[in-house]
Amino acid sequence: MVNKRVPDWLNSSLWSSPGPQPSVQSPSSSPTPLNDDDDRSTRSATKSSTVSVNAVKAGGSVSDGEFTVERPGYLTAAPAVIRAETRHVPTRAKAEIRDPLSSNSNYHSDDENGSSASSTTTSASAAAAAAAISSAEDISRQAQLCQELSRKIINMGEVRRLASQGIPDGAGIRATVWKLLLGYLPTEKALWPTELVKKRSQYKHFKEELLVNPSEITRKLEKSVILDDEGTVIEDKGALPRSEIPQGEHPLSLGKNSIWNQFFQDTEIIEQIDRDVKRTHPDLHFFSGDTPFAKSNQDSLRNILIIFAKLNPGIRYVQGMNEVLAPLFYVFRNDPNEENAASAEADTFFCFVELLSGFRDHFCQQLDNSVVGIRSTITKLSQFLKEHDEELWRHLEMTTKVNPQFYAFRWITLLLTQEFNFPDSLLIWDTLLSDPEGPLETLLRVCCAMLIIVRRRLLAGDFTSNLKLLQNYPSTNISHLLYVANKLRVKSV
C-alpha cells in the first residue's frame, strides 16, 4: 500500500529537527532533549534498559521483553501488563514565572537549538528583530483586547480571535478574557457586578456547608436552645447528653446519612488532595514554600478540590486535577484588580468546573472504554496523526511499537501543563480556551503538532529513544507549535 504523501509544509526544516544535538545541562535543570551521546547509548541499549513512562503521575520500565506502565488506579489498563500506581513521579523542573510575552523570552525550535556557533551572532540579531516585532504585536493586541473588553456587549468572536494569538499579561487582561471564554462572565458587561456577587456568595455557602468539621456541628448542638421543666426557653451551655445526640451526628454511626460516616469516607480523598497540592509546581514560589502567601494559595487549591469532590460524587478527586486547577488560580489570583484577586478562589472554582466539564469523562474510570473515555480520545489522536502524517504514524505505532497511550495519556488529561514551562502553558491555554469548537479538538491538534515538529528525530529513533523524547518533550518555539496546530485545522476543514 502506498503511503499518503507527506505535505510539503511538513517537510520544511522549520518544523522538523535535523537530529539530536549536544546540549549543556546544569545540575539543577531538567532532562534536556536527546543529544548525540544519548542517542548512541539509547540505540545500543537492550530491552532490559529502564525507561521512564509518565502517564499523569506514573512510571514504567522495559524488562524481559515486557513493557510495564505504572499509573494511578483511576485508569484501568488496557494491556494486561499495566498496573496501578499512586506514587508521584517528579516532572521536569520549570523556570520561575516570567512574562511569557516579554522581549527577553526567546524560544528556539529544535532546528534553532542545533545551529552552529558560527551563526550565533546572526541568530542573536534575528532573535532581537523577532522579539521587537513580537513586542509590537503584543502591544497592539493588548490595545485591541482592552477596546473589546470596554464595550457594553462583548463581541466574543473578536475576543476569541485575538486571544487565540496569545493574551498579553498586562492589566489583568488574561484573567478577564479567560472568565469570558469559560462562560463565567456574561457578554453583557452591565451584568458583571451582579453575576460576580451571586457566584461568590454561592461559593461562600459551599465552603460553610461542605468544609465544616462534624465536631463543629456537634458543638453547635451543645449550644442549641432547649426548654426547661417549666417550658422556659434557655440556652444550654453544658455538654449535650448522649441520649439527645441525633443518630446521624453520632461519631460511631454507620448510617449512610451520618455526617461522621461521610467524614471518615472523605478522609482518604482529602489526604490525597493535601499531598498533591503540596507538590503542585514546587519550582514556583507562588505555589510552594513556607511563606504565608504560598500557604494561602495552597489552602485555596485544597478548598476548591475538596468542594469539587463532594459536589461530584461520580468523579470525586482524581490525581492530576490539581495540575489543571493551578493555571486558573494563578491567573485569577494575579489579577491587578484587588477585589478580583481577593475572590480568586471563588472565581477559580466555577471556571474549573466549566473547564473540566469538557474533560471530566477522561477522569471517570467507568467510561474508560466508552466513546467519550480517555482511550477513545487517545485513539482519535492516533487517527488524527495517521490522517496528516501517515509515515510518522506508521513508524511510531507499527515499526517502533510506541503506543500513544504511553505518552499521550498525560498530555491529554493534564492539558499539557507538565510538558512545557508554566508561562508557555498559559499561552497554549489561551488557544485552547479561545477555540469555538471547544478545547478538546484544539488539544488534539496541538498534541499532533508536537509529534510533527520532532518528526525527523522520531523517524530516526527506535522504541526507547522515541519514548524518552516524547516523555521529556524538548523546548519548542510555542508560536511555531501553535502555527502547526492551526495548519492542521485548516487542512481538516
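Quick note: numbers below take in every heavy atom, side chains included, and nothing from hydrogens, waters or symmetry partners.
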Could you walk me through whether Gln319 and Arg275 pass the side-chain contact (heavy atoms from CB on, under 4.5 Å) test, one step at a time?
-> CA-CA 10 Å; Gln319 192 174 18; Arg275 288 193 294 269; over 6 Å; no
So, Ser434 side chain and Asp430 main chain: donor-acceptor pair closer than 3.5 Å or not?
-> yes
Identify the residue among Gln418, Arg410, Arg279 that makes a side-chain hydrogen bond (donor to acceptor under 3.5 Å, both in side chains) with Glu323.
-> Gln418
What pairs with Thr431 under side chain to side chain contact (heavy atoms under 4.5 Å, CB included), at least two apart in sequence or on another chain?
-> Thr442, Leu482
Apply side-chain contact (heavy atoms from CB on, under 4.5 Å) to the pair Tyr473 and Val454, showing each step before the final yes or no.
-> CA-CA 9 Å; Tyr473 196 79; Val454 294; 4.0 Å; yes
Under 3.5 Å, is there a donor-acceptor pair between the Asn312 and Tyr317 side chains?
-> no
Taking the side chain as every heavy atom from C-beta outward, state whether Val277 and Phe287 have any atom pair closer than 4.5 Å.
-> no
Specify the closest pair of heavy atoms between Gly166 and Leu427, including all atoms of both residues, with the distance to one decimal.
-> CA-CD2, 4.2 Å
What is the ring orientation for Phe286 with Phe293, classed by angle as parallel under 30°, tilted 30 to 60°, or perpendicular over 60°?
-> perpendicular
Between atom OG1 of Thr417 and atom CG of Asp424, what is the distance when rounded to the nearest 0.5 Å?
-> 13.0 Å
Report the C-alpha distance between Asn486 and Arg489 in whole Å, list the side-chain angles of each, state the deciding distance to 0.1 Å, and finish with yes or no for side-chain contact (heavy atoms from CB on, under 4.5 Å).
-> CA-CA 5 Å; Asn486 185 61; Arg489 173 169 57 182; 3.0 Å; yes
Taken to the nearest 0.5 Å, the spacing of Leu381 CG from Thr377 OG1 works out to 9.5 Å
Hey, would you say the His281 and Phe422 ring centroids sit under 6.0 Å apart?
-> yes
In Å and rounded to the nearest 0.5 Å, what is the CG to CD distance from Asp389 to Glu387?
-> 11.5 Å
Can you list the residues that meet the side chain to side chain contact (heavy atoms under 4.5 Å, CB included) rule with Glu354, with sequence neighbours excluded?
-> Leu182, Ser357
Between side-chain atoms of residues 331-352 and protein atoms elsewhere (two or more places apart, or another chain), which donor-acceptor pairs fall under 3.5 Å?
from   : atom 1 : to     : atom 2 : distance (Å)
Asn334 : ND2    : Tyr330 : O      : 2.7
Asp335 : OD1    : Asn337 : N      : 2.9
Asn337 : OD1    : Glu339 : N      : 3.0
Asn337 : OD1    : Asn340 : N      : 3.0
Asn340 : OD1    : Arg200 : NH2    : 3.0
Ser343 : OG     : Glu339 : O      : 3.3
Glu345 : OE1    : Ser300 : OG     : 2.9
Glu345 : OE2    : Tyr203 : OH     : 2.5
Glu345 : OE2    : Lys207 : NZ     : 3.3
Glu345 : OE2    : Asn303 : ND2    : 3.3
Asp347 : OD1    : Tyr184 : OH     : 2.6
Asp347 : OD1    : Arg200 : NE     : 3.1
Asp347 : OD2    : Lys179 : NZ     : 3.1
Asp347 : OD2    : Arg200 : NH2    : 2.9
Thr348 : OG1    : Ala344 : O      : 2.6

Qualifying salt bridge (Lys or Arg N to Asp or Glu O under 4.0 Å) pairs with a residue from residues 297-310, counting only residues at least two apart or across chains | Asp266-Lys310, Asp274-Arg302
Decide whether Thr379 and Gln383 meet the rule of one side-chain donor and one side-chain acceptor closer than 3.5 Å.
-> no
Leu451 and Leu470, any side-chain heavy atoms less than 4.5 Å apart | yes
Ile315 versus Val318: any side-chain heavy-atom pair under 4.5 Å?
-> yes
Result block: side-chain N/O donor-acceptor pairs under 3.5 angstrom for residues 188-199, not counting sequence neighbours:
from   : atom 1 : to     : atom 2 : distance (Å)
Lys189 : NZ     : Leu149 : O      : 2.8
Trp192 : NE1    : Pro186 : O      : 2.7

Would you give the length of the straight line joining atom CD1 of Ile453 to atom CG of Leu458, rounded to the nearest 0.5 angstrom?
-> 11.0 Å
Run the side-chain contact (heavy atoms from CB on, under 4.5 Å) check on Cys447 and Leu416 step by step: do they pass?
-> CA-CA 8 Å; Cys447 290; Leu416 300 176; 4.1 Å; yes
Side chain to side chain contact (heavy atoms under 4.5 Å, CB included) filter on Glu148, not counting sequence neighbours, yields Arg151, Asn155, Glu158, Val159, Leu162
